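In what follows, a single structure is set out as structure tokens and then discussed.
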Amino acid sequence: TLVFFTPGIFLSIVLAILAIALFSAAPFLIRLPYLEQLVSQTIKEQLGYTPSFERLRVSFFPTPALHLDAFELKPTEATNPIPLINAEWATFRPSLISLLFGKPELAHVAFGNADIHYTWRGQDGKFVKTVSLQDVFIDLRNIRANQPIRFKIRGKFLSDSENVTLSGTV
């Protein structure tokens, strides 16, 4: 038997192909040097740390995301050369609802194969010690103002094997 395409089926197929082409081509339409500068400036202003990364990639499917390779976050002060985070990769996903309203907010942040060096200071602000985690995977969700942030962390602490697994809300 022969299958006849109705105009509705044909139109649906054409629209699906156009939607796939749009999502595939959208990352090529973005000016990456401008976006890299905007991301670096925003992180520095919001966190007070100096970011650096080798490459920035943008994806739109299944949700919009920024992917940063060789991500590093250093203190702006020159007295502490140890980076806070040194990750093989980082992914930042905005909240889709906030994007629609024109006020982008982060909804999800993930770091992979990261080394974290947190400088612990006493109540007087003086250095106490540096706590370090190695080969860490960090997953932060529900990142919004005045909302509890869900987190999952796996990594190594004073060991060659993975021995730290934390999850919960902050």
Side-chain angles (χ1 to χ4, degrees), residues 23 26-27 30 32 35-77 79-170:
F23 279 111
I30 296 174
L32 288 181
L35 187 59
E36 287 176 0
Q37 179 185 5
L38 182 66
V39 167
S40 293
Q41 181 180 352
T42 303
I43 290 173
K44 191 172 184 176
E45 288 175 0
Q46 294 292 320
L47 299 178
Y49 289 90
T50 304
S52 65
F53 45 88
E54 279 183 14
R55 188 173 73 151
L56 180 135
R57 294 175 289 126
V58 178
S59 65
F60 288 97
F61 190 76
T63 59
L66 287 176
H67 306 278
L68 306 174
D69 294 335
F71 179 74
E72 188 172 78
L73 201 56
K74 286 186 176 181
T76 52
E77 58 201 43
T79 58
N80 189 359
I82 301 173
L84 174 67
I85 295 176
N86 186 0
E88 190 173 298
W89 57 265
T91 300
F92 300 91
R93 286 191 171 84
S95 166
L96 292 176
I97 294 171
S98 67
L99 275 180
L100 294 175
F101 289 112
K103 296 189 177 202
E105 293 179 348
L106 284 176
H108 179 229
V109 175
F111 298 101
N113 200 18
D115 293 337
I116 300 173
H117 307 285
Y118 179 73
T119 304
W120 191 342
R121 300 192 182 275
Q123 291 181 350
D124 56 359
K126 292 184 180 179
F127 173 79
V128 174
K129 66 174 71 176
T130 299
V131 178
S132 297
L133 295 171
Q134 294 180 327
D135 299 331
V136 177
F137 171 77
I138 303 171
D139 186 31
L140 304 170
R141 296 185 179 268
N142 194 34
I143 302 173
R144 294 190 194 117
N146 301 322
Q147 296 293 323
I149 298 172
R150 294 181 308 186
F151 69 91
K152 290 182 185 175
I153 299 174
R154 291 187 327 262
K156 301 175 186 176
F157 179 70
L158 301 175
S159 176
D160 287 338
S161 61
E162 189 176 287
N163 60 357
V164 174
T165 302
L166 303 170
S167 64
T169 57
V170 177

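Since this is a predicted model, take the numbers as computed values, not measurements.
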Pairwise distance [atom1]([X]) to [atom2]([Y]) - rounded to 0.5 angstrom:
X: T130; Y: W120; atom1: OG1; atom2: CH2; value: 11.5 Å
X: I85; Y: L133; atom1: CD1; atom2: CG; value: 10.5 Å
X: F151; Y: I153; atom1: CZ; atom2: CD1; value: 5.5 Å
X: E72; Y: N86; atom1: CD; atom2: CG; value: 4.5 Å
X: S52; Y: F71; atom1: OG; atom2: CZ; value: 8.0 Å
X: E105; Y: L96; atom1: CD; atom2: CG; value: 12.0 Å

Is any side-chain heavy atom of D115 closer than 4.5 Å to one of D135?
yes
Using only heavy-atom distances, determine whether the side chains of Q37 and Q41 contain a donor-acceptor pair under 3.5 Å.
no
Do any N or O atoms from the side chain of N113 and from the backbone of W89 form a donor-acceptor pair under 3.5 angstrom?
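Side chain of N113 to backbone of W89: no pair is present.
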Whether the side chain of N142 engages the backbone of P148 through a donor-acceptor N/O pair (distance < 3.5 Å, no angle test) should be reported.
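Side chain of N142 to backbone of P148: a pair is present.
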Taking only Lys NZ, Arg NE, NH1 and NH2, and the carboxylate oxygens of Asp or Glu, determine whether D69 and R55 approach each other closer than 4.0 Å.
yes
Which atoms form the tightest heavy-atom contact between R93 and P64, and what is the distance?
CG-O, 3.6 Å
